[in-house]
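Comments concern the structure below.
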Amino acid sequence: SRPLGKRSLPEMVVDGIEVYSTKIHCRVTSRFAHNTVTTRATNRAETAKEVSFDVELPKTAFITNFTLTIDGVTYPGNIKEKEVAQKQYDRAVSQGKTAGLVKASGRKLEKFTVSVNVAAGSKVTFELTYEELLKRNKGKYEMYLKVRPKQLVKHFEITADIFEPQGISSLDAQASFITNDLLASALTKSFSGKKGHVSFKPSVDQQRSCPTCTDSLLDGDFTITYDVNRESPANVQIVNGYFVHFFAPHGLPVVPKNVVFVIDVSGSMYYQKLKQTKEALLKILEDMKENDYLNFVLFASKVRVWKDHLIQATPENIQEARAFVSNIAAEDTTNINGGLLRGIEMLKKAREEHQVPERSTSIVILLTDGIANEGVSRPEDIQANARNAIGGKFPLYSLGFGDNVDYGFLEKLALENNGFARRIYEASDATLQLQDFYEEIANPLLTGVEVEYPQNAILDLTQNTYKHYYDGSEIVVAGKLADKDMNHFKADVKGHGAFNDLSFTEELDAEEMEKARQEQDYIFGDYIERLWAYLTIEQLLDKRKKAQGEEKENLTAQALELSLKYHFVTPLTSMVVTKPEDNEDQTAIADKPGDGGWAPEGERAGSAVLVGYQPPQTPYYYVDGD
Amino acid sequence: PHFIIRVPGKNDALCFNIDEDPGTVLRLIHDPVTGLTVHGEIIGDKVASADSKTRNTYFGKLGIANAYLDVRIEVTPEKISLWNGEAQSTFSWLDTVTVTQNGMTMAINRKKNIVLSFGDGVTFVVVLHQVWKKHPVHRDFLGFYVVDSHRMSAQTHGLLGQFFHPLDFEVSDIRPGLDPSKPVATMVVKNHQLKVTRGSQKDYRRDASVGVKVACWFIHNNGEGLLDGDLKDYIVPALF
């Protein structure tokens with residue numbers, strides 16, 4: 001008699017390797033997502049083979065663990081300071097050995113790739129864990145997963161368990177590659193009270209791109225979106241001496257905006273980029289509210305303006321603005337400094353001369369595709385000029401268009417002025433990307449938001465002042481309680497609304513705190529501490545981008561200490577997995593790039609080893625955490 | 001709903017009920033000088049009683065407007081809406097929030113009350129009375145209190161507003177009533193002679209569930225004789 005064993009279909013073995021299981025399990029507690037990707041494979045060939053493991057994870061996520069299990073023996077990952085890890089990595093790479101790293105991959109993702117040699121008949125398990133704080137945008141939290149198995153997988157599964165103490169108000173899951181048939185049978189989603197669940201489990205036949213095909217149709221985006229109940233504008237959760245305070249009021253009128261669009265119309269914007277910009281501006285103009293004010297500053301070698309001062313967005317003025325936008329043409333060189341300062345001055349003058357409503361907020365939106373080469377062109381000088389001219393009075397948002405933009409410069413420019421930077425990818429949906437960005441900031445409900453806690457009660461607070469609170473977003477503040485056993489918690493949030501000043505108070509008494517403690521049995525207990533650490537590191541890294549000298553060193557040291565303590569792969573750390581008896585051959589590194597460099601979307605795993613740690617052949621390929 | 005009128009000069013209080021159909025909107029306060037108007041909409045129990053003597057009515061919606069500030073506030077047991085002109089802000093009774101703007105402060109105290117002050121003038125307190133959600137008969141309702149009413153103008157009128165001016169009354173011939181704990185008497189007020197009953201009503205400003213007893217002279221028949229004019233004079237078509 002023959003022993004019973006699992007039989008593999010030949011079509012599921014590609015180049016000798018059978019990937020028999022890929023599972024993505026997401027656990028979300030209070031917006032903090034803990035995701036584990038596990039792939040199990042067997043080398044069915046008669047010789048040793050290389051097995052690859054690719055995961056695309058959100059840029060906002062930090063890897064927290066990576067383990068490799070070969071024939072039942074597990075090799076865990078160790079977080080090390082980047083420089084220490086790099087020596088090991090360099091040694092492996094210089095010998096042509098296996099090494100893995102994370103690199104930018106498209107708009108929202110970065111890619112983790114690692115390959116190991118597996119002996120004939122051996123089994124290998126890869127397990128990657130990453131964590132991120134889901135951010136609320138336009139009224140939804142979004143968890144984004146990239147699904148791209150290289151072959152048919154016997155057990156393919158995505159599951160998400162969501163626990164939200166405020167209660168879940170909506171939950172949805174969408175897959176870009178899914179057909180209606182697959183949707184009906186392989187995807188389930190449900191929520192009730194505080195718990196939500198999503199499961200996507202296609203059978204092997206459902207994975208086939210056609211009934212007789214052996215390649216997979218699973219290739220695309222899998223997105224889970226949800227929101228929580230908001231009976232009250234704020235929610236505070238306290239676990240093990242750490243707290244998190246979510247604040248997202250709604251039902252408030254929109255604060256009028258004074259917007260100056262500072263637009264690059266230099267030669268490089270010619271045709272497609274300018275066409276997309278104009279389309280987006282025309283749509284944005286449609287969405288402007290009548291009590292908003294606006295103007296356009298166009299810069300090439302010279303700076304010119306639509307109007308000498310800000311104009312109210314009346315239907316007549318919007319009509320005129322549309323005509324102006326339609327006739328924008330590209331020309332000449334790039335004078336970012338000139339355009340920016342003209343826009344900033346215009347906003348300041350409008351406020352000083354009471355041309356705009358007293359209760360309104362001012363915003364500069366800079367859109368450029370290139371590097372300054374006219375007028376003041378040193379990035380540091382432009383940044384200093386903008387910083388001094390704005391003086392912290394209003395935010396500046398930078399939109400970097402295309403591949404050749406100096407994104408690091410634009411990001412610093414925005415961060416120094418209480419804004420943020422976005423890349424606009426020059427694809428067919430660039431117009432939508434621009435509109436999406438505008439919609440995010442189009443509806444400020446509060447300005448000058450300050451979150452206050454009783455003095456001496458709180459330690460190590462994350463950012464607690466914000467220039468704006470936008471409709472559909474959420475302010476998150478976390479910290480440590482001075483007294484772990486305190487039984488009363490109070491927080492005040494102050495802000496300026498469209499017509500009035502508002503002061504929200506959130507209080508938790510002993511009874512509510514005890515109720516929260518009881519819920520900890522269900523959730524993973526230290527999530528608030530990790531959420532606090534994640535948020536602190538993220539904000540330290542942002543501050544570090546705009547800091548210099550000793551301040552930068554201090555920020556780096558603090559971020560590094562927390563990254564090591566909480567096992568986060570950040571731009572300052574790397575994770576090293578070493579097989580003890582053969583450490584030269586089996587070194588794998590999980591690393592995190594920043595967005596300072598540019599990796600074209602076409603770059604894939606094959607070039608992963610080439611970039612980041614070896615001197616780049618051209619700056620074009622350079623991707624690194626710094 | 002029941003009304004309690006404190007009469008400081010007499011160190012006593014008057015009270016009366018208004019029994020109107022649910023949906024009726026009453027003018028409680030109107031001050032043409034300060035521009036303040038308060039209207040209240042009546043609600044009944046979940047199960048309506050056909051007999052007007054046994055049915056309970058309450059205020060289920062209050063509309064407070066200040067014409068000069070172009071501000072309107074609508075309060076229901078579910079939510080609080082504030083309009084500045086056409087722009088609306090909505091708050092929940094689960095909020096603890098203070099809204100301040102030129103000439104007005106509104107403080108919502110989570111699940112308890114709203115304190116609404118207009119400049120250095122009058123203060124209104126709206127109290128939330130919550131009952132058990134699954135109560136077969138009763139429903140949540142609102143209480144309305146006026147503090148520093150003397151700061152409103154002499155031209156203030158309305159079911160409550162008419163009592164913001166000095167009021168005099170005389171009570172005589174106090175005698176036992178049908179209920180021994182509730183003596184009856186004869187009251188002379190606003191040139192009317194009325195039969196009144198001694199009783200008590202509750203002030204819920206401090207605690208919406210317990211309340212403080214306020215002894216008062218109860219005027220029967222929808223305050224007939226105490227109120228200026230006819231009850232119909234106080235019925236208005238809408239909250240604003």
Side-chain angles (χ1 to χ4, degrees), chain A residues 165-167 169 228-236 245-257 289-292 357-360 443-452 469 471 488-509 511-512, chain B residues 35-36 61 64-119 121 123-124 126 128 130 133 140 207 209 240:
Chain A
Q166 284 163 277
S169 62
V228 301
N229 292 324
R230 291 186 194 279
E231 288 168 333
S232 168
N235 179 262
V236 174
H245 180 182
F246 299 106
F247 178 71
H250 61 105
L252 300 175
V254 174
V255 178
K257 300 180 296 298
K289 295 172 182 70
E290 194 159 349
N291 51 2
D292 289 343
E358 195 65 33
R359 279 189 176 271
S360 62
N443 297 307
L445 299 187
L446 291 172
T447 62
V449 182
E450 289 179 26
V451 190
E452 293 170 357
Y469 163 71
D471 195 18
H488 180 258
F489 183 91
K490 185 169 177 275
D492 288 309
V493 188
K494 293 175 181 165
H496 309 293
F499 297 93
N500 26 54
D501 293 338
L502 296 104
S503 171
F504 296 84
T505 302
E506 186 68 16
E507 276 185 275
L508 256 74
D509 57 21
E511 193 185 326
E512 286 165 308
Chain B
L36 278 167
K61 205 181 264 186
I64 303 163
N66 186 317
Y68 299 142
L69 295 178
D70 195 16
V71 162
R72 286 175 295 147
I73 297 145
E74 183 184 299
V75 186
T76 70
E78 288 77 42
K79 63 177 183 177
I80 302 109
S81 302
L82 163 68
W83 281 273
N84 291 87
E86 292 303 306
Q88 185 186 0
S89 304
T90 310
F91 303 95
S92 147
W93 277 103
L94 294 173
D95 297 344
T96 298
V97 58
T98 304
V99 182
T100 48
Q101 64 184 77
N102 279 346
M104 190 195 88
T105 301
M106 177 173 80
I108 302 171
N109 296 303
R110 181 182 160 90
K111 293 200 221 173
K112 283 185 188 146
N113 59 34
I114 300 168
V115 181
L116 190 60
S117 306
F118 290 92
T123 294
F124 300 140
V126 179
L128 174 68
Q130 282 189 307
K133 262 197 164 42
D140 296 349
D207 186 334
S209 55
F240 294 109

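FYI, side chains are in, hydrogens and waters are out, and symmetry mates aren't considered; it's all heavy atoms of this structure. Letters go in sequence order (proteins before strands), and every chain restarts at 1.
- Rounded to the nearest 0.5 angstrom, B:D70 CG and A:F499 CZ are separated by 9.0 Å.
- The candidate with the highest count of non-hydrogen atom pairs below 4.5 Å against chain B, out of A:V254, A:L445, A:D492, A:L502, is A:L502.
- Expressed to the nearest 0.5 Å, how far CZ of B:R110 lies from CD of A:E506 amounts to 6.5 Å.
- Rounding to the nearest 0.5 Å gives a distance of 14.5 Å between NZ of B:K79 and CD of A:E231.
- Proximity to chain A at a heavy-atom threshold of 4.5 Å picks out B:L82, B:N84, B:A87, B:Q88, B:S89, B:T90, B:F91, B:S92, B:L94, B:D95, B:T96, B:V97, B:T98, B:V99, B:T100 from residues 82-100 of chain B, in numerical order.
- Heavy atoms of other residues, nucleotides or ligands lying less than 6.0 angstrom from NZ of B:K111 number 12 at most.
- Rounding to the nearest 0.5 Å gives a distance of 8.5 Å between CZ of A:F504 and CD1 of B:I108.
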